[in-house]
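Below is one structure; the comments refer to it alone.
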Amino acid sequence: MDNFIASVQSQTIYLDGIDNPTSVLTIPFYYWYEKTVLSNILKVSFYKALEEFPILADRMKTKSDSRNVVVIDKSSLNMPDYTDSPCNVHFQTLKDANFDVSLLPVNYPLERMNRVPPGVAGHSMKLAEFHIIRMKDDSGMCIYANISHAIFDGTSYCAFMKRWTEISRYILTAHEKQDMHGVDISTQGFQFDRSILETDEHSECDAIDPVFRKLYKSTIVSRFVAWISPELRGRLLKLALASLNIHNYYYHLSGSAIEHLFRLIQPLVEPDISHISANDVLTALVTVLFAQAFHKAGSLSGETEILATIAVDIRPRVERLTNANYAGNAIVLKLATSPLDLLLKGYSPHSLVAVACNTRRAVDGMDKHYCSQMWNFVNSDPSGYISLVGRLARKPNTYMLTNHTRFGYYETDFGSGLPVLVRPAFLTSENFVVIMPGRPRALEEFPILTGHIKTGNDSRNFVVIDKNHLNLPVYTDSLCNVHFQTLKDADFDIKLLPVDYSSACKTPAPHGIIGRCMKLAEFHVLRMKDDSGMCIFASIAHTIFDGTGYDSFIKRWAEISKCIFAAQDQQDIRDIEIPVQSFQHDRSILETSKHNGSDAIEPEIRDILNTSTAIARWVAWFSPELRGRIFKYLLSSPNIQNYYVRLSNLACEYLVQLVQPLAEPGVSHLSANDVITALATVLFSQALHKAGRLNGETVFLTNIMIDMRPRVKRLTNANYMGNAVLINGTTNSLDLIMKGCSPQVLATVACSIRRIVDGIDERYCNQMGSLLNKNPSGCVDLAIQLTKASNEFMCTNHTRFGCYETDFGSGTPALVRPAFLTAENDFAIMPAHPDIGGYELAFTTVPEVAVFMMKSEYWKYIY
């Protein structure tokens, strides 16, 4: 605590109109953990976190103009309540009772549930309180955290909790090596000054709902409430809540229930709605339930509609707030109105879809223009917004909804593991709904996807998995207003999807860059109209996984999903036990202690890898984010596009039968992949020649990516999930290739490919691995030279990965296809659906080359 007090600087922060109605409300949550953390570590980390959030130790005051301020006075701090004490109730007892807090002794948070604002004692209003409750026999712990809503919104509340947990984990790791009080922890800069919300835009209010404008009237009561002290406001609210006799109720909505709701409403989504999110559907469900309950309770006399008042965060909608680390209130209200007569017809797909579409329109309407108007609106009169919120709370046909699913409550690991359950302790208003996330099935078996890529001074890349600062993948799940059959009839052309979906597929690199943080993975689940199907877009950084690692993650995800899907009717999905598989991510398994030499490697590749250009050294030295931006810029200039062709089993067998008898001596066999790669070589070279891109060239280079796992004994059964692919190439005379796509030409090219593949043995792999790691910039130079060469293309084979084994519980996919390939003249051989057989061929090139490829006479071999 002494260090915290020494770090405080006295200051006064003016609160704004957004803070006024919440000045007597709090944000209280229980965090339940099955394992405990030492008291000293939690306490030291708490005060260390408080150094970055000194606003929690201030005093709230009301000035003569009814504006609220918080005063941080170093000589008279208003410290948060912090206690740590034992409890004589076993964690399992609480867990069996679904964490019913009435089982706790009365001197724990149960007695505080009607204390609004928290910590009112004498004339001092505490702005935060924290109570660590340690269960019997050290069986677990509960952390009760309650913070004034005048200071923080949900985003800021979670920012503090996550920062506290980050510091706790750091100290827990370091406390055995040094004094915990001496641990040096870098601080993060949080912004508390409300002036960042101010706008210079004109103060019209045409975008604001007429109901808001009507209720926004300063009255004698609202002016009195705005004028009195925060302590007195708190006592008045406490009396009002006591008279209402409100209670908390909790419900868990399973994944299957959400799926059922999606299937119900998908056929009825209105044409102007591009997508419906899970939160829209949940809001619709809650609205129908409230309407039915209000009506049966006889409280809707004379009402014709139900008003859902939705609290929405403006940070992602206002550019200046996006990366500001603003820790204050940044929420405004929006109304979603639904006709009562529709809702009272009963729980039906029509009522659900109507409300869901209204909700989506309301949320989509909250743009920068609306947010600016709303800020001006609520700040025009300190008492007006209090009147608005108070009147809304008293309206019999209104309820308030807030969505906490994105705040990361289950990322709060103090060092003993993630919480088993996070739940609001109490809600300080009647007819209030909070949508909370369920406990996720974390990326426990693939933690590398939560890491940060960094570049060392020696230009070597490494991934940092920082438990204190996880870089979680992007994950979204939403409805799409396009029917699956429409996509299927158009050969799954992603241009038919709404722009906000397909744009993810159109920006090849780097994916998921948000601010200064490069995401290593992103996943988008798109649910088609009428519940006709779904699409899962999964993109993972190639620096983390090769095709085998990528496929292993997707199949493991599908296995876990299928297991949960099968067991969900018998038990709560949160309690399903799934055996963990062990995957190897450490690259040291690739190292070899043998003196490898380099005689097995082609002289041209060996020379490039042994030396490096200034450009290659420069690129290797860059941060991964900057490399990604440069690569993205380079890709945008050639206007490369994707093309897909299907090769039937019959056509493939025909090609092999044509070529096999002409195989050269010394070639034991030619596989289907050899022949397909040979055909692609001929087609690419012919098209490039006709497009005038091979001037002066005499040979054509076919580069092949090959997996080391089946060739290196130590990798065979290691379950290694990193990159284990090498590139090797073969050249063929352009004079030969330009003679036409005859069986003899195909046989010659196929034989050269087979020799390359057979020549990649364990010795070659060890030599190539040593050479690649000897000079980090050399492999960058090799990639640059291969990419810029006009007489080459790259081929990868995905046929062995089991793409069609990914059954999430509803069946295997109808089609698996690359969303994009990240270089010009890339070629991927994919398996076609097992029911169809054959291959799916994907390639990228520029349109002027593609026009010759697609019109080539040699496609007769395909069909």
Side-chain angles (χ1 to χ4, degrees), residues 17-18 20-22 25 153-154 203-217 222 270 272-273 276-277 279-295 299-300 302-314 316-318 329-344 351-381 384-404 427 429-435:
I18 293 177
N20 277 348
T22 60
L25 304 180
D153 57 10
S203 57
E204 291 97 344
C205 55
D206 56 288
I208 298 172
D209 193 285
V211 174
F212 281 174
R213 297 202 297 267
K214 181 179 179 181
L215 297 177
Y216 190 87
K217 290 181 179 179
S222 67
E270 297 168 17
D272 65 311
I273 303 297
I276 293 289
S277 72
N279 290 323
D280 299 333
V281 178
L282 291 175
T283 303
L285 176 65
V286 170
T287 302
V288 174
L289 293 175
F290 262 117
Q292 296 280 337
F294 287 159
H295 176 68
S299 61
L300 292 179
E303 301 293 347
T304 60
E305 56 191 11
I306 291 292
L307 306 178
T309 307
I310 305 171
V312 183
D313 190 350
I314 67 175
R317 295 166 170 83
V318 179
N329 276 302
I331 51 173
V332 295
L333 304 180
K334 184 74 174 178
L335 279 182
T337 307
S338 301
L340 186 58
D341 57 349
L342 173 66
L343 304 182
L344 294 183
S351 59
L352 284 176
V353 77
V355 181
C357 289
N358 286 342
T359 303
R360 176 46 44 193
R361 289 190 191 95
V363 174
D364 286 347
M366 295 191 66
D367 55 10
K368 178 183 177 182
H369 178 60
Y370 177 90
C371 294
S372 296
Q373 283 198 12
M374 197 65 180
W375 188 90
N376 287 324
F377 183 61
V378 302
N379 280 283
S380 61
D381 181 352
Y385 199 30
I386 291 176
S387 178
L388 167 63
V389 174
R391 289 181 172 192
L392 280 174
R394 294 197 308 272
K395 284 181 71 67
N397 63 331
T398 304
Y399 78 94
M400 172 78 75
L401 182 138
T402 178
N403 170 26
H404 288 241
L427 304 176
S429 177
E430 187 178 4
N431 301 333
F432 198 99
V433 177
V434 177
I435 301 176

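Count residues from 1 along the sequence. Since the structure is predicted, the reported quantities are computational estimates derived from the model, not experimental observations.
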Would you compute the distance between atom [atom1] of [X] and atom [atom2] of [Y] and round it to the nearest 0.5 angstrom?
{"X": "Leu401", "Y": "Thr287", "atom1": "CG", "atom2": "OG1", "value": "7.5 Å"}
{"X": "Asp367", "Y": "Ser372", "atom1": "CG", "atom2": "OG", "value": "8.5 Å"}
{"X": "Ile435", "Y": "His404", "atom1": "CD1", "atom2": "NE2", "value": "9.5 Å"}
{"X": "Thr359", "Y": "Leu335", "atom1": "OG1", "atom2": "CG", "value": "11.0 Å"}
{"X": "Leu333", "Y": "Thr402", "atom1": "CG", "atom2": "OG1", "value": "10.0 Å"}
{"X": "Leu352", "Y": "Leu343", "atom1": "CG", "atom2": "CG", "value": "9.5 Å"}

**Request:** Answer whether the closest heavy-atom distance between the side chains of Asp272 and Arg361 falls below 4.5 Å.
**Result:**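 When only atoms from C-beta onward are counted, Arg361 and Asp272 do touch, with a gap below 4.5 Å.
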**Message:** List the residues meeting ring pair (Phe, Tyr, Trp, His ring centres under 6.0 Å) with Tyr370, not counting sequence neighbours, and say none if there are none.
**Reply:**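 Partners of Tyr370 by the ring pair (Phe, Tyr, Trp, His ring centres under 6.0 Å) criterion come out as none, since no residue qualifies.
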Which pair of non-hydrogen atoms, one from [X] and one from [Y], has the smallest distance, and what is that distance?
{"X": "Thr283", "Y": "Tyr399", "result": "O-OH, 3.4 Å"}
{"X": "Arg317", "Y": "Met366", "result": "CD-O, 2.8 Å"}
{"X": "Thr398", "Y": "Phe294", "result": "O-CZ, 4.0 Å"}
{"X": "Ile276", "Y": "Ile273", "result": "CD1-CG2, 3.6 Å"}
{"X": "Ile314", "Y": "Cys371", "result": "CG2-SG, 3.4 Å"}
{"X": "Asp153", "Y": "Ala330", "result": "OD2-N, 2.9 Å"}

Distance-only donor-acceptor pairs under 3.5 Å for side chains of residues 303-311, two or more places apart:
unit_1	atom_1	unit_2	atom_2	d
Glu303	OE1	Asn397	ND2	3.2

**Request:** Ignoring hydrogens and angles, tell me if any N or O in the side chain of Asn358 forms a donor-acceptor pair with the backbone of Ala336 under 3.5 Å.
**Result:** no
